[in-house]
Amino acid sequence: MKRFWLRLVFFVLPVAIPFLIVTGSLAYIGESMPLAEVVRLQDGTMPVLFRPAYGNRDQDFKLMATNTYQPEILVIGSSRVLQFRGAFANLDPDALYNAAAPAWELEEVSRLLFNMTHTPEVIIIGIDYPWFNADYPGDPIVEPPTNWWSRFFVVNRTHLQEVIEGETDFDYRTLLARVEPGGSGGIALGMRAINDGHGFRNDGSEQYGDFLVAGHLWQPNLRGHHQGLFGRGEEMYTEGAQVDMEAVAQLEAILEFARDNDITLVGMLPPFMPSLWDDLYTSERHTYIPEAEIAINDLFAEYEMPLFNFSDVSALGFTDEDFFDGWHHSERVSLQMYINMASEVPALGQYSDLAPLQTIVDTAPDTFRVFPFVVSGE
């Protein structure tokens, strides 16, 4: 019997050792690192950028971070609000956490809010018009397995398949060094963060490494691309004449949740590139937008919650040059919107000294990089 087990060990070792090496390495660089460890590291004093390449872990990650940090101000929505930074609450940067994530719609927003284990004082919710377009196909998010061992298996299989097929060149020295390439002086977790400088910062906001670090994308090209999407009525510019009443009901459920938990819910309609917004709002192919605007306004008025419509930010002095593409605005635009909201909502304004924030907006040399990679609490 002893000989049998020895033979089994010698038979398994050639497979087990490489598996353990790959598994350990992928966990170390952040691809399959337990999310609790990522949240713990981001709660420290070192800048930590997080973005894996394999699978979407955003829902679990943002919920866990929210429940761990228990922020007093929670920002939530799609990628259009991911430029809101903890440093905006400059009197207490720990108070603000950005729980938004790319491609999120009301379903993902609701799931996070209704599963929180604490009650923020203020929630800023970014509201996207396409959510209310009955004809909008959406972009369903496929969450990978969250079980620890299942996650290891999926990541290992995907990575080894890419290696075997030669689809991607991996610089393992760079990956194992885990240096954040955006100049924060901190570490990066996940291949997207390590290779491209793209990912979630400690405060939950997103560093757009594809534009600002790796240079895979260029703002003028993306702005032109969005003009084309609008002209063809595709993706977020899908044509529509009817408001989706199910989405209206979902938004009302969020307002009810805020009212019942004594939360100040600050509604915000994020901006579009000014030259695009003019055409979009008056388009005969997108008549759902003014109808959705009325429905959203009526709901916030009924629940006596503040609502800010920033769809057109040309009135605030911003231009197309302040946008990554047709509907993702810069950090400087985000800061100005925050200042405007905080100046009118006392529950929000108590966390910020607005005068120096306004000076930053007025003097920032780069609209996309207003703040350095700030660790909350520093």
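Position 1 is the first residue of the sequence; numbering continues from there. Given the structure is predicted, the values throughout are model-derived calculations rather than measurements.
With hydrophobic clusters built from ILVMFWY side chains whose heavy atoms lie under 4.5 angstrom apart, Y208 does not share a cluster with W218. Linking Ile, Leu, Val, Met, Phe, Trp and Tyr residues whenever their side-chain heavy atoms come within less than 4.5 Å places Y28 and M191 in a single cluster. A single hydrophobic cluster is seen to contain both I360 and M337, as judged by linkage of ILVMFWY side chains at heavy-atom distances under 4.5 Å, directly or through other members. Residues V75 and F114 fall within the same hydrophobic cluster, defined by Ile, Leu, Val, Met, Phe, Trp and Tyr side chains chained together at heavy-atom separations under 4.5 Å. In this structure, L335 is a member of the same hydrophobic cluster as L316, with clusters built from ILVMFWY side-chain heavy atoms closer than 4.5 Å.
Cation-pi check for R285 over Y237 is not met; the charged atom does not lie both under 6.0 angstrom from the ring centroid and within 45 degrees of its normal. Taking the ring axis of F61 as reference, the NZ or CZ atom of R51 does not stay both within 45° of it and closer than 6.0 Å to the ring centre. Taking the centre and axis of the six-membered ring of F323, the NZ or CZ atom of R223 falls outside the cone set by 45° and 6.0 Å.
Here the shortest heavy-atom pairing between V48 and L41 reads CG2-O, 3.7 Å. Between Y136 and P130, the closest heavy-atom pair is CD2-O, 3.3 Å. When all heavy atoms are compared, the tightest approach of Q42 to F200 is NE2-O, 3.1 Å. Between N133 and G240, the shortest heavy-atom contact is OD1-CA, 3.4 Å. Taking every heavy atom of both residues into account, S275 and Q227 meet most closely at OG-NE2, 3.4 Å. The minimum heavy-atom distance between F300 and L265, with the atom names listed, is CE2-O, 4.0 Å.
Screening L112, I125, V122 against L74 for a side chain to side chain contact (heavy atoms under 4.5 Å, CB included) leaves a single residue, L112. No option in V313, D322, L276 other than V313 meets the side chain to side chain contact (heavy atoms under 4.5 Å, CB included) test with P271.
Contact of the R57 side chain with the P52 side chain is registered, since non-hydrogen atoms from C-beta on lie closer than 4.5 Å. Contact check for D94 versus Y69: no side-chain heavy atoms found under the 4.5 Å cut-off. Using a 4.5 Å heavy-atom threshold, the side chains of D196 and P181 count as separate. Counting only heavy atoms from C-beta outward, the side chains of I187 and M46 approach each other to under 4.5 Å. In this structure, I29 and I194 have side chains that are in contact, with non-hydrogen atoms separated by less than 4.5 Å. Residues V333 and F310 fail the side-chain proximity criterion, which asks for heavy atoms closer than 4.5 Å. Looking only at side-chain heavy atoms (C-beta outward), L113 and M116 come within less than 4.5 Å of each other.
The distance between the ring centers of F368 and F211 does not fall below 6.0 angstrom.
Proximity of a side-chain donor or acceptor of H286 to a complementary backbone N or O of L280 within less than 3.5 Å is not detected. Distance alone, capped at 3.5 Å, is enough to place a donor-acceptor pair between the E31 side chain and the Y54 backbone.
Here K62 does not pair with D58 in a salt bridge; the nearest charged N to carboxylate O distance is not below 4.0 Å.
Rounding to the nearest 0.5 Å places OG1 of T66 at 9.0 Å from CG of N98. D366 contributes atom CG, which lies 7.5 Å from atom CG of L212 (distance to the nearest 0.5 angstrom). Expressed to the nearest 0.5 Å, how far OG of S334 lies from CZ of R332 amounts to 11.5 Å. Taking CZ from R85 and CG from N90, the interatomic distance works out to 13.0 Å, rounded to the nearest 0.5 Å. Taken to the nearest 0.5 Å, the CG atom of L348 stands 12.0 Å off from the CD1 atom of I123. With rounding to the nearest 0.5 Å, the separation of CZ in R178 from CG in L49 is 12.5 Å.
Judged by distance alone, the side chains of D135 and T238 never bring a donor and an acceptor atom under 3.5 Å apart. If you check the side chains of N340 and E344, you find no donor sitting under 3.5 Å from an acceptor. Looking only at atom types and distance, the side chain of N67 has a donor-acceptor partner in the side chain of T117 under 3.5 Å away. Judged purely by distance below 3.5 Å, without hydrogens or angles, the side chains of E72 and Q350 never pair a donor atom with an acceptor atom. Donor-acceptor pairing under 3.5 Å is recorded for the side chains of Y338 and S352.
Residue E302 places its CD atom among more than 12 non-hydrogen atoms of other residues, nucleotides or ligands, all under 6.0 Å distant. The environment of Q242 atom CD is sparse: at most 12 non-hydrogen atoms of other residues, nucleotides or ligands sit within 6.0 angstrom. The environment of CD in E246 is sparse: at most 12 heavy-atom neighbours from other residues, nucleotides or ligands sit within 6.0 Å.
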Quiz item: Under the side chain to side chain donor-acceptor pair (under 3.5 Å) criterion, do Q250 and E105 qualify, and how do the steps go?
Solution: CA-CA 10 Å; Q250 286 179 312; E105 298 183 39; over 6 Å; no
